[in-house]
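A short write-up of the structure that comes next.
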2 protein chains.
Amino acid sequence: MTPASRAGRRPGDSGTREAILHTARRHFADLGYDRTTLRGIAADAGVDVALVSHYFGPKQRLFAEAAPLPLEPEPLLADLLEGPRETIGHRLAARVLSQTETAEGQQKITGLIRAAASEELAARQIRERVTEALLLPLAEGLGSPDARLRAALAGSQIVGLMMTRHIVGVEPLATSSAQTLAAAIGPVLQHYLTGPLAGPVTTP
Amino acid sequence: MTPASRAGRRPGDSGTREAILHTARRHFADLGYDRTTLRGIAADAGVDVALVSHYFGPKQRLFAEAAPLPLEPEPLLADLLEGPRETIGHRLAARVLSQTETAEGQQKITGLIRAAASEELAARQIRERVTEALLLPLAEGLGSPDARLRAALAGSQIVGLMMTRHIVGVEPLATSSAQTLAAAIGPVLQHYLTGPLAGPVTTP
DNA sequence: GAATGAATTCAACGAGCGTTGAGATCTTTA
DNA sequence: TAAAGATCTCAACGCTCGTTGAATTCATTC
């Protein structure tokens, strides 16, 4: 910043750091935390292993930087809470499932789930971020006393569908269209968020 | 078997094999496939590492032997399909959730999920066993044309709840009672199995 | 053009892993 | 008692991993 105080090559030139980060994201998503190796990332990014450690430090810090939320919380929450309350379940289902139509979106989600299943530290980190950025605001927007439980139940159905469909590959979920599945779980999410929680699943 | 043909010590004495298997089950459940080490199992079982390999061969074969289905398919299916169809969802939820009340039952389930998330081979194996032993018979018992999709959707909700509750530890699911959660997801399972699939979740 | 310092590579470390083969121990049968 | 064979241990192998420190390259600034 100061015009005449520091000599030497300025950082941020080659974009290699970003390339490593991008490759790391893909590897974590495809392989999970344990099976992802710094060597594999480096080779795939066309870089020496040491450069990865040099930029990001220990593997856990790289993971922390490479594992963002699979979807932006703010626009999702805005859409959900501003629209009519009777269709909130359908809109949530459609939003999430449309995310899985691109390979990249699918990778983000499966990577998060895989990491949460294998890494205790990643699980806590993911839990905190998802709870803070998605579940709590959603619960607050719902307003009901057991809103946190409702939001968490809806989340559990979403996680379960992603897990069985994209990671385990259970049929016919794996080959069903996003539309079909959105139509199937939409009413359930609606029920969790606005229906009678411990009673029969009724909607007019 | 022949009375006078083979000399030497008869096998099946010390129960060490079973001890190893029992320890392996716990380790796979707690740590997942990758983080479980033969050395860790051996140390915990008070045995040399080589003995584990000697009994079970490669790690994957040990896993295959140590990771059974978390619940017996036959009695579950019998109970579900013989009872009144209108309460099948509640009974399924209660059965599964009662399984998680003991530490051992919980371990079986989390171990299966963790393994499926990390090991491609384990995922396929689990998918085939669960599909063959649980989903398909359940779908057949239901009789409707889209029964396989229904059974799979119900399974996805169960998996999602176990994952978020016991592995990720999302609140308030983690600290809610089995009764509360059974009451919450029972109607949803009922809807998946017998309700109007793509329509609103209605039950009289 | 010389100094500077970031970007990058090279080489090596120590540790942990799954797996293997040879050998010691000990119970059972002949 | 002697042979047999299953049970179990010891020691080592080859490999991969994450991480580190020194050396090299090179664009920028003085």
Side-chain angles (χ1 to χ4, degrees), chain A residues 1-24 27-28 30-67 115 118-122, chain B residues 1-24 27-28 30-67 115 118-122:
Chain A
M1 295 298 183
T2 58
S5 63
R6 306 199 152 273
R9 185 187 185 185
R10 295 286 115 235
D13 289 336
S14 64
T16 307
R17 206 192 121 102
E18 293 309 310
I20 294 173
L21 202 57
H22 183 262
T23 307
H27 279 232
F28 280 125
D30 288 345
L31 305 168
Y33 183 87
D34 287 320
R35 307 211 153 185
T36 294
T37 70
L38 301 188
R39 289 182 145 86
I41 294 171
D44 206 351
V47 180
D48 189 272
V49 206
L51 197 59
V52 181
S53 291
H54 174 257
Y55 275 132
F56 299 96
K59 188 182 180 183
Q60 283 190 349
R61 201 177 306 166
L62 171 61
F63 174 79
E65 203 154 342
S118 66
E119 241 305 270
E120 169 67 28
L121 193 132
Chain B
M1 292 301 181
T2 57
S5 64
R6 310 200 150 272
R9 185 188 187 184
R10 296 286 115 232
D13 288 337
S14 65
T16 307
R17 207 191 119 103
E18 293 309 309
I20 294 174
L21 202 58
H22 183 263
T23 308
H27 279 231
F28 280 125
D30 289 345
L31 305 168
Y33 183 87
D34 287 320
R35 307 213 151 183
T36 294
T37 70
L38 301 188
R39 290 181 144 87
I41 294 172
D44 206 352
V47 180
D48 190 89
V49 206
L51 197 59
V52 181
S53 291
H54 174 258
Y55 274 132
F56 299 96
K59 188 183 179 182
Q60 283 190 349
R61 199 177 307 168
L62 171 61
F63 173 79
E65 200 153 345
S118 66
E119 241 305 90
E120 168 67 28
L121 193 132

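Quick note on labels: first sequence line is chain A, next is B, and so on, each numbered from 1. The shown structure was predicted, so the numbers you read here are calculated from the model rather than taken from an experiment.
- Residue contacts shown for B:S53 include a base, since a base heavy atom lies under 4.0 Å away.
- Looking at A:L62 and A:Y55, their side chains never come closer than 4.5 Å, going by heavy atoms from C-beta outward.
- As rounded to whole Å, 8 Å separates atom P of D:dT19 from atom NZ of A:K59.
- The distance between atom CG of B:L62 and atom P of C:dC17, rounded to the nearest whole Å, is 15 Å.
- Among the heavy atoms of the strands lying under 4.0 Å from A:V47 are primed sugar atoms or P, OP1, OP2 only; no base atom is included.
- Rounded to an integer number of Å, the gap from B:F56 CZ to D:dC8 C1' is 14 Å.
- A:H54 has its NE2 atom 16 Å from the P atom of D:dA23, to the nearest Å.
- If you measure from atom CG of A:L38 to atom P of C:dA12, you get 20 Å, rounded to the nearest angstrom.
- Shown here for B:A66 and B:A24, the closest heavy-atom pair between the two residues is CB-CB, 4.2 Å.
- Mapped onto DNA chain C by nearest heavy atom, A:L51 and A:R39 fall at different nucleotides, with A:L51 at the one closer to the 5' end.
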- Can you list the steps and then say if B:F56 with B:L21 is a side-chain contact (heavy atoms from CB on, under 4.5 Å)? CA-CA 9 Å; B:F56 299 96; B:L21 202 58; 3.6 Å; yes
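- Distances shorter than 4.0 Å separate none of the side-chain N or O atoms of B:T16 from OP1 or OP2 on D:dT7.
- With distances taken from any side-chain atom of B:D48 to the nucleotides D:dT9, C:dC10, D:dC17, the minimum falls on D:dT9.
- Relative ring orientation between B:F28 and B:Y33 is described as parallel, the plane-to-plane angle staying below 30° on a 0-90° scale split at 30° and 60°.
- The distance from atom CZ of B:R35 to atom P of C:dG16 is 14 Å, rounded to the nearest whole Å.
- The interatomic distance linking A:I20 (CD1) with C:dA7 (P) rounds to 11 Å, in whole Å.
- Contact annotation: A:Y55 side-chain N/O to C:dA6 OP1/OP2 distance is not under 4.0 Å.
- Each of A:L38, A:I41, A:D44 was checked for a side chain to side chain contact (heavy atoms under 4.5 Å, CB included) with A:I20, and the lone residue meeting it is A:I41.
- Straight-line distance from the CZ atom of A:F63 to the P atom of D:dT19: 14 Å, rounded to whole Å.
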